[in-house]
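Note that these values count all heavy atoms, side chains included, but never hydrogens, waters or copies made by symmetry.
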Amino acid sequence: MNQYTYHTTVLNADGDFRRMIKPSALFRYVEQAAADHARAYGMDDAFFKAHHTAFLVGKQAAQITRMPLRAEKLTFLTACEPCKKGSMKRLTRILDEAGKECALIDSRWIMVDTDHECILRQPSWHTPGYWNEDLEGELPQLVHKAKELTCAGSRTASYSLCDLNGHVNNACYLDIACDALPLEVIKGGPLKFVSVKYHREIPLGSQVEVFYAPSADGWYVVGRREEHAAFECYLEFTK
């Protein structure tokens, strides 16, 4: 299997009140591993600018066996499939120093034409050794919806939430979702599963209304921009 290995240490600033890594930081590290993987095969900022394309996350899920701790050294093993029907599957396994798996993240990336702002079914280039024809394993990408929602207020796509694309970074949606839930839910135990669907970008400076409700074995969170769903999220916590 063609995979990329990324090593990092959990930063102090990315720890929560339990001294565990915040869920959003976990997603950010996975995103960095994916970016470094692409750069290792020549796909840097100049490459994507020249091809007028970009990769964006369409949906992703994480199964967390044990939430890593502050200052813990981690290894990320990431691999991807070719684009199929406009979506690229990427699996990232997170291992601790003993080589035991802490988490599995199943991300589904989409490629967009930055000039015409449309999804591309296939890239216009071929990168030997980068993709795997098929990857074993996947996580459920379903979001268990709820009908009777509680409003958690609105959030602005502020400077600190937005990335190089000028909209809320995919990892920061988890910050918005966790902030929306009652504090007793967050204090009850660390996150063990999450599934996120990104429907519409939230551009810098725009507003998103956030709602939540208990659903299935966890919690449903939805963010709406201009009365349309911008993202949906389903979270389960260790009890």
What verdict does the side chain to side chain contact (heavy atoms under 4.5 Å, CB included) test give for V185 and W219, after you've listed the backbone C-alpha separation in whole Å, the side-chain angles of each residue and the deciding distance to 0.1 Å?
CA-CA 9 Å; V185 174; W219 294 82; 3.3 Å; yes
What are the two closest non-hydrogen atoms of [X] and [Y], and how far apart are they?
| X | Y | answer |
| --- | --- | --- |
| R28 | A171 | CG-CB, 3.4 Å |
| P140 | S195 | O-OG, 4.0 Å |
| A177 | L235 | CB-CD1, 4.4 Å |
| Y41 | P128 | CE2-O, 3.6 Å |
| Y29 | L11 | OH-N, 3.3 Å |
| L91 | G137 | CD1-O, 3.4 Å |

Inter-residue atom distance [X].[atom1] - [Y].[atom2], 0.5 Å rounding:
| X | Y | atom1 | atom2 | answer |
| --- | --- | --- | --- | --- |
| I94 | L104 | CD1 | CG | 8.5 Å |
| D179 | C172 | CG | SG | 10.5 Å |
| L74 | H7 | CG | NE2 | 11.0 Å |
| D14 | S24 | CG | OG | 7.0 Å |
| R39 | D45 | CZ | CG | 6.0 Å |
| C83 | R108 | SG | CZ | 12.5 Å |

Given the rule that I, L, V, M, F, W and Y join up when any side-chain heavy atoms are under 4.5 Å apart, are [X] and [Y] in one cluster?
| X | Y | value |
| --- | --- | --- |
| M20 | F17 | yes |
| M43 | V30 | yes |
| I110 | L139 | no |
| Y220 | L174 | no |
| L181 | F27 | yes |

Check this for me, if you would: do [X] and [Y] make a salt bridge, where the nitrogen-to-carboxylate-oxygen distance has to be below 4.0 angstrom?
| X | Y | value |
| --- | --- | --- |
| R224 | E232 | no |
| D106 | R93 | no |
| D96 | K73 | no |

Is the side chain of [X] donor-acceptor paired with the backbone N or O of [Y] at a distance under 3.5 Å, no angle test?
| X | Y | result |
| --- | --- | --- |
| E72 | T9 | no |
| T92 | L77 | no |
| W131 | E81 | yes |

Report yes or no: do [X] and [Y] form a side-chain donor-acceptor pair below 3.5 Å?
| X | Y | result |
| --- | --- | --- |
| E201 | N165 | no |
| T156 | Q207 | yes |
| S206 | R225 | no |

Does some side-chain heavy atom of [Y] sit less than 4.5 Å from a side-chain heavy atom of [X]?
| X | Y | answer |
| --- | --- | --- |
| V222 | K145 | no |
| R155 | L161 | yes |
| M67 | L191 | yes |
| D36 | Q32 | yes |
| D217 | F193 | no |
| W125 | F47 | yes |
| H228 | H199 | no |
| I21 | R70 | no |

Are the aromatic rings of Y198 and Y173 close, with centres under 6.0 Å apart?
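Yes.
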Stepwise side chain to side chain contact (heavy atoms under 4.5 Å, CB included) test for C102 and L95
CA-CA 6 Å; C102 296; L95 311 180; over 6 Å; no
Is atom [atom1] of [X] surrounded by more than 12 heavy atoms (other residues, nucleotides or ligands) closer than 6.0 Å?
| X | atom1 | value |
| --- | --- | --- |
| K49 | NZ | no |
| R19 | CZ | no |
| E148 | CD | no |

Go through Q3 and N132 one step at a time and tell me if the side-chain hydrogen bond (donor to acceptor under 3.5 Å, both in side chains) criterion holds.
CA-CA 8 Å; Q3 64 180 7; N132 297 271; over 6 Å; no
Residues that T53 engages under side-chain hydrogen bond (donor to acceptor under 3.5 Å, both in side chains), provided they are two or more places apart
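Residues passing side-chain hydrogen bond (donor to acceptor under 3.5 Å, both in side chains) with T53: none at all.
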Tell me, with the steps shown, if I64 and L26 meet side chain to side chain contact (heavy atoms under 4.5 Å, CB included).
CA-CA 10 Å; I64 301 160; L26 198 66; 4.1 Å; yes
Taking it one step at a time, do Y4 and F76 satisfy side chain to side chain contact (heavy atoms under 4.5 Å, CB included)?
CA-CA 8 Å; Y4 181 80; F76 291 66; over 6 Å; no
Give me the ring orientation class for H37 and Y130: parallel if the planes are under 30° apart, tilted from 30 to 60°, perpendicular past 60°.
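Tilted: the ring planes of H37 and Y130 meet at 30° to 60°.
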Should the ring pair H144 and Y234 be called parallel, tilted or perpendicular, given that the plane angle runs from 0 to 90° and is split at 30 and 60?
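Plane angle over 60°, so perpendicular.
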